[in-house]
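Please read these numbers as outputs of a predicted model, since none were measured by experiment.
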Amino acid sequence: MNSPKARLTEGSVGRHLVDMTVPVLLGIATLMGQSFIDTWFLGKVGDRELAAFSFGFPILMIVTSIAIGLGAGTSSVVARAIGSGDHRRARRLTTDSLFLSFIITAVVAAIGIVTINPLFRVLGAPADMIPMIRSFMLILYSGVPFIVVAMVGMASMRATGDTRLPSKLMIAGAIINVILDPILIFGIGPIPALGLNGAAMAALISRGVIFIGALYLLLHRLDMVSFSKPEPGELRKSWIDILHVGLPAAGTNAIIPVATTIITGMVARFGPEAVAGFGVASRIESLVLVIFYAMSSTIGPFVGQNLSAGKEDRIRLSLRLTSVFCMASGLVIALLLALGSGVLSEMFSQNPEVIKVTRLFLWIAPISYGAYGVVMVMNAAFNGLGKPMPAVYISVTRMMMLYVPLALLAQQWFGIAGIFGAYALANLLTGLLGYVWAQRTTHNILDLPAAR
């Protein structure tokens, strides 16, 4: 086993960002592709199953946001420990983060299970769909602690600068999921057709594989897990350090699905077909935004290691390069989705109403994806700097102060198109806000001239 070194503090900034982002891109793209296939399979089962899946999606994203937050906190503190050359501290933080994440998400999953029925009634799910949604959510909630621990473990791997190992795990899990999907959803031989529950079971099994693989690699490949009993004071300090970034980061990510849940309730007023179309469009969006998810996963470790090593000029240059890339690639994505909206919509449903809503979203929302990418990357950079609160303020502004209020107003005048237009406007405004804020904060913290 080799102790991880601060590999991100030397060499070309652009080359490091590319080398780190590409493996993460492949891993997340595979997972998103698997999610895309899930939605396609469920569309073949029926629009009711697709709508039930769409109702559950924002709730699952809230749970996932906890994992992302804990992962961001872990990645930030572990990367800074590695950047300062303190491997013992990095191991302790990694171990303590895994323990902490399991405890937190076990509690969250338990709360989620007992609140399924009343929650989905509030969200506007039809009464006859509640049993289907409950059965689906019970399976997914039961695997939440293992899913989250695996995600936190992979965040620890990325903190070392190694993005290939976690990406291989994600790819393996996605392949297993895709293989199991048709078997469990439609049935084969003695295996009965489970429909929506089959999709949940496939996800649970594949995430279990990722969980086992993450623990094995952390222990045997990276030497990032310690079995020594921590002193109470040391454990408390580890948890405080992790949660200093992790809690705001979790809140930042939870804001998005909370707002999406509210928006789903608005869309539900236009009927179950509108919810199904919105769900399909959201899945397509998740797939095409994978490049920004990947970049936001790598900028934090890069910033963290260079901060502890005193390489502030490299941080400023990385922020500039990633912002330019986000805006350029966002324009390309918007054009491709506008051209392919019809074909993409018809892949999931032949219902004219579902297709109409999906296409409408894909014509409007993507014009703002480049700005949304800037928001994601800048928020991740704030976490890497150990300054998570600006990311919280930006996300609250984007979702709760702009998107939801604008959607409430715009739907009165433009119907469901107004909801989608509000989303695009919120992204554009907060993209500009995030970039300006990140540049000023970086200047104030580091007090450096502009990187050349």
Side-chain angles (χ1 to χ4, degrees), residues 35-36 38-39 42-43 46-62 64-65 116 118-130 132-133 136-137 196 254-289 337 341-342 344-369 372 398-427:
S35 179
F36 190 88
D38 278 351
T39 308
L42 290 174
D47 289 335
R48 282 175 55 82
E49 285 77 9
L50 194 59
F53 183 78
S54 299
F55 270 112
F57 183 67
I59 305 303
L60 292 176
M61 289 301 296
I62 292 174
T64 302
S65 70
I116 291 174
L119 177 60
F120 284 96
R121 289 194 191 99
V122 170
L123 294 179
D128 62 340
M129 289 181 63
I130 294 294
M132 181 191 303
I133 294 173
F136 168 66
M137 294 300 296
L196 183 61
I255 290 164
I256 298 172
V258 166
T260 303
T261 301
I262 297 171
I263 296 298
T264 301
M266 294 185 201
V267 173
R269 298 173 188 171
F270 296 89
E273 292 83 4
V275 175
F278 182 51
V280 169
S282 297
R283 285 295 185 172
I284 295 172
E285 177 183 83
S286 296
L287 182 61
V288 300
L289 294 182
L337 287 180
S341 61
L344 290 170
S345 302
E346 293 170 6
M347 287 177 62
F348 296 95
S349 177
Q350 298 304 309
N351 186 312
E353 290 302 314
V354 175
I355 293 172
K356 178 181 177 181
V357 172
T358 304
R359 293 189 69 182
L360 189 61
F361 184 96
L362 296 179
W363 287 337
I364 297 173
I367 61 175
S368 66
Y369 283 169
Y372 184 20
R398 173 176 171 261
M399 301 304 292
M400 306 307 294
M401 297 179 66
L402 290 174
Y403 183 18
V404 172
L406 288 174
L408 284 168
L409 292 174
Q411 72 169 338
Q412 304 297 324
W413 300 323
F414 306 107
I416 198 168
I419 296 175
F420 302 155
Y423 175 63
L425 182 58
N427 286 340

_If you define the side chain from C-beta out and look only at heavy atoms, does anything of Val357 sit under 4.5 Å from Phe420?_
yes
Do Glu285 and Tyr423 pair up side chain to side chain, a donor and an acceptor below 3.5 Å, judged on atom types alone? yes
In terms of heavy-atom contacts, Ala268 and Val275 come closest through CA-CG2, 3.5 Å
Closest non-hydrogen atoms of Ala407 and Ala422, given as atom of the first, atom of the second and distance, are N-CB, 3.4 Å
Rounded to the nearest 0.5 Å, the OH atom of Tyr369 sits from the CG atom of Leu289 at a distance of 5.5 Å
Subject >> Side chain to side chain, Met129 and Phe120, heavy atoms closer than 4.5 Å >> reply: no
Between the CD1 atom in Ile263 and the CD1 atom in Ile416, the distance rounded to the nearest 0.5 Å is 10.5 Å
Output for pair (Arg359 CZ, Ile364 CD1), nearest 0.5 Å, gives 12.5 Å
Between the CG atom in Leu344 and the CG atom in Leu362, the distance rounded to the nearest 0.5 Å is 6.5 Å
Value for CG (Leu425) from CG (Leu402), rounded to nearest 0.5 Å, stands at 7.0 Å
For Ser341 and Trp363, the nearest pair of non-hydrogen atoms, with its separation, is OG-NE1, 2.9 Å
Heavy-atom nearest pair, Ala426 first then Arg398, reads CB-O, 3.5 Å
Distance col, row Tyr403:OH vs Ile262:CD1, nearest 0.5 angstrom, shows 10.5 Å
Here the pair of heavy atoms bringing Ala410 nearest to Gly418 is CB-O, 3.3 Å
Would you find a donor on one side and an acceptor on the other, under 3.5 Å apart, between the side chain of Thr358 and the backbone of Gly277?
yes
Heavy-atom closest pair (Met399 atom, Pro405 atom, distance to 0.1 Å) is O-CD, 4.5 Å
Applying side chain to side chain contact (heavy atoms under 4.5 Å, CB included) to Gln411 and not counting sequence neighbours gives Met266, Arg269, Phe270, Leu408, Ile419
